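Take a look at the structure below.
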Amino acid sequence: MNANEQVVTSPDTAAGHHTNHLLESSILPVRQQRRTIGAWGFVWIWVGIAVIIATFQLGANGVTGLPLWQVILTILIANVILASLMTLTADIGTEHGLSFSVYLRAPFGVYGTHIPSIFRGLIAAVWFGIQTYLGALALNGIVEYLTGFSSWPLWYLVFALVQIGNTALGIKSVERLAAIAAPAILAISVWMYFTLDVLAWTQGINIWTFVGEADVSILTLFLANVAFWSTLAIDIPNITRYVKTTPGARGFVARNRNIFLAQLVALPVTQAWIALIGAVSFIAAGDWNPITVIQGQSEGFSLIVLLVLVILAQWSTNNAANLIPASLAFVNAGAPYIKYPVAVFIAGVVGTLSMPWAILDNLFSFLFSYGSFLSAIGGIMIADYFILRHRRLNVPELYSTQGQFRYYKGVNPAGLIAWLAAGGLAFYSGSWAFLVGLFAGMFIYWLLMKVWILRYYPQKDIEDKNGSHYLGTSSAINWHYDKSLRVFQRIRSDE
């Protein structure tokens, strides 16, 4: 196959028989010319993502029974390990320019993908609601302080619409916000740390020698933090497909060099730093939420600065970590009728209808419940992409209703069985849920594919172990869909 050979993705569509429900412009492969996020742009996105209220509680939970330095070191190491795992799934975006939901058509089938991807999309939408609610409370606090007017539902609506509009404008708009929000968040968080440290000293408490009396193990804290970003560990291709790559970079490191600083440094350091603030807040005032603690002692400009931190943190996290994954999952399910801006709005509505103010009362039970099943998806993705396909992927067939990813009536039984089995095992594995789900999903999927599915549903990209025509960035190739001809073309990156 040469660089410009055309591949018809769906003959029935080309013949005009019916609409192809797998095609929509926002979920087509992103060409390398459109991958505009550089290393620092991705760093700012991750800093904005990592600053969320729940991270404060992670640090506080640890310091109830461990010295502060052990808590921070444990959280840092846990996030480095998670980030290393995330670089594996990130390669789906940098190599092929594919979104999470579209890639899942390979291990789950062109229709089977909707079950796990909608599951993830709903979780993301719920988190959008939670973050927006927290931001609305901060907005209400500012307005009430300045004018005396109080109505958090009104500010929830305003804040939700602003975020929806920002995300609907596309990835460049998300990147611009992150470049403004992330430095501001870091600056305000430094002020928070010193404010809390002074509060501790006034009570005669040294934060670095304080040790709580609760029974907390390093292992439990470590596992909780590894599982914390299980959501983005699986759908990070939604973002990395827009990160700059070097055409023809066959080495994993060379191809993904613009994601390493963000995921291996910015994520762990920011997560550890925010957890540190939550821990110091607990030490100084017995409350894991530093916003509540400082708000009770602040007034004037300092109070407004504090609440601005809350708004920026929720906004920057919602854009990249919640609205984009949810929207792309809904586009994938409703293509070609649901367009990206409409899907962003749907995500906002779903997040609001979930009543996030009620979920906050049971936040960690909520995290545990869905995290078990998300970790299994991660294991399946790694087994499919690296172990079985060796990064080679028949991209046009992902958009074909009758291609190799149709499996049995559009569903790959191996993917669904592995997901449910591994997710179930993880759900009943306590603190080990993430690791159990990850490795069980990986093994069960690989085994079912080897002994069952591949015998009946041949996969061209698995059978061709040496060819490069199923690679994208590594071969300096873009997959381009010609809408007029209704075919995919392999186009050289310099064309």
Side-chain angles (χ1 to χ4, degrees), residues 48-60 123-167 177 180-182 184-185 187-189 191-192 195-196 274-275 277-278 280-282 284-323 326 347-367:
I49 290 174
V51 183
I52 64 173
I53 301 298
T55 307
F56 291 132
Q57 192 167 358
L58 284 174
I123 297 301
V126 170
W127 266 110
F128 165 79
I130 293 173
Q131 301 283 87
T132 301
Y133 172 65
L134 294 171
L137 292 181
L139 267 172
N140 189 64
I142 293 174
V143 175
E144 185 176 15
Y145 179 80
L146 295 174
T147 69
F149 175 75
S150 177
S151 175
W152 73 258
L154 171 63
W155 299 120
Y156 180 98
L157 177 63
V158 171
F159 191 36
L161 290 175
V162 169
Q163 293 174 93
I164 288 169
N166 179 218
T167 307
L177 172 70
I180 297 171
I185 290 170
I188 297 172
S189 68
W191 167 73
M192 291 177 69
T195 300
L196 291 166
I274 298 304
I277 295 174
V280 175
S281 179
F282 178 82
D287 187 341
W288 64 266
N289 191 341
I291 295 165
T292 304
V293 174
I294 299 177
Q295 189 174 355
Q297 304 179 19
S298 300
E299 58 183 16
F301 180 73
S302 61
L303 175 61
I304 293 175
V305 167
L306 175 69
L307 296 178
V308 166
L309 166 71
V310 181
I311 295 166
L312 289 176
Q314 311 321 306
W315 189 350
S316 57
T317 300
N318 263 343
N319 280 357
N322 298 322
L323 280 177
V349 172
V350 171
T352 302
L353 293 178
S354 70
M355 295 190 295
W357 41 89
I359 292 176
L360 265 178
D361 294 333
N362 300 283
L363 181 59
F364 281 85
S365 297
F366 175 62
L367 286 170

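Bear in mind the structure is a predicted one, so any value in this text is a computation, not a measurement.
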Exercise. Please walk me through it: do Val51 and Ser189 pass side-chain contact (heavy atoms from CB on, under 4.5 Å)?
Worked result: CA-CA 10 Å; Val51 183; Ser189 68; over 6 Å; no
Problem set entry | Spacing of OG belonging to Ser151 relative to OH belonging to Tyr156, to within rounding of 0.5 Å | 13.5 Å
Problem set entry | Any residue meeting ring-ring contact (aromatic ring centres under 6.0 Å, His included) with Trp152, in chain and number order, not counting sequence neighbours | Tyr133, Trp357
For this session: Applying side-chain contact (heavy atoms from CB on, under 4.5 Å), run through Ser354 and Phe128 and close with a yes or a no.
Result: CA-CA 10 Å; Ser354 70; Phe128 165 79; over 6 Å; no
Exercise. Can you name the side-chain contact (heavy atoms from CB on, under 4.5 Å) partners of Ala138, sequence neighbours left out?
Worked result: Leu307, Val310, Ile311
Exercise. Nearest heavy-atom pair of Ile164 and Gly348: which atoms, and what distance?
Worked result: CD1-CA, 3.9 Å
Exercise. Can you tell me how far CH2 of Trp127 sits from OG1 of Thr317, rounded to the nearest 0.5 angstrom?
Worked result: 9.5 Å
Problem set entry | Test side-chain contact (heavy atoms from CB on, under 4.5 Å) applied to Leu309 - qualifying residues, sequence neighbours left out | Ile185, Ile188, Met192
For this session: Would you sort out whether Ile52 and Thr55 count as a side-chain contact (heavy atoms from CB on, under 4.5 Å), showing the intermediate values?
Result: CA-CA 6 Å; Ile52 64 173; Thr55 307; 3.4 Å; yes
Seminar exercise, completed: Sorted by chain and number, sequence neighbours left out, side-chain hydrogen bond (donor to acceptor under 3.5 Å, both in side chains) with Asn318 holds for Thr132, Gln163, Asn322
Exercise. Quick one: side-chain contact (heavy atoms from CB on, under 4.5 Å) partners of Ser281, sequence neighbours excluded?
Worked result: Leu196, Pro290, Val293
Exercise. Going from CZ on Phe282 to CZ on Phe56, what distance comes out if it is rounded to the nearest 0.5 angstrom?
Worked result: 15.5 Å
For this session: Check Pro356 against Gly351 and note the closest heavy-atom contact, atom names and distance.
Result: CD-O, 3.5 Å
Seminar exercise, completed: Which of Asn319, Leu137, Leu134 passes side-chain contact (heavy atoms from CB on, under 4.5 Å) with Gln314? It is Leu134
Exercise. Would you say Phe301 has more than 12 foreign heavy atoms packed within less than 6.0 Å of its CZ?
Worked result: no
Problem set entry | Set of side-chain contact (heavy atoms from CB on, under 4.5 Å) partners for Ala326, sequence neighbours left out | Ala124, Ala125, Phe330, Ala347
Exercise. Could you give the distance from CD1 (Ile180) to OG (Ser316), rounded to the nearest 0.5 Å?
Worked result: 11.5 Å
For this session: Rounded to the nearest 0.5 Å, what's the gap from CG on Leu312 to CG on Leu177? Could you check?
Result: 7.5 Å
Exercise. Would you say the side-chain atoms of Thr147 pair up with the backbone N or O of Glu144, donor to acceptor, closer than 3.5 Å?
Worked result: no
For this session: Please round to the nearest 0.5 Å and tell me the distance separating atom CH2 of Trp315 and atom CG of Leu323.
Result: 11.5 Å
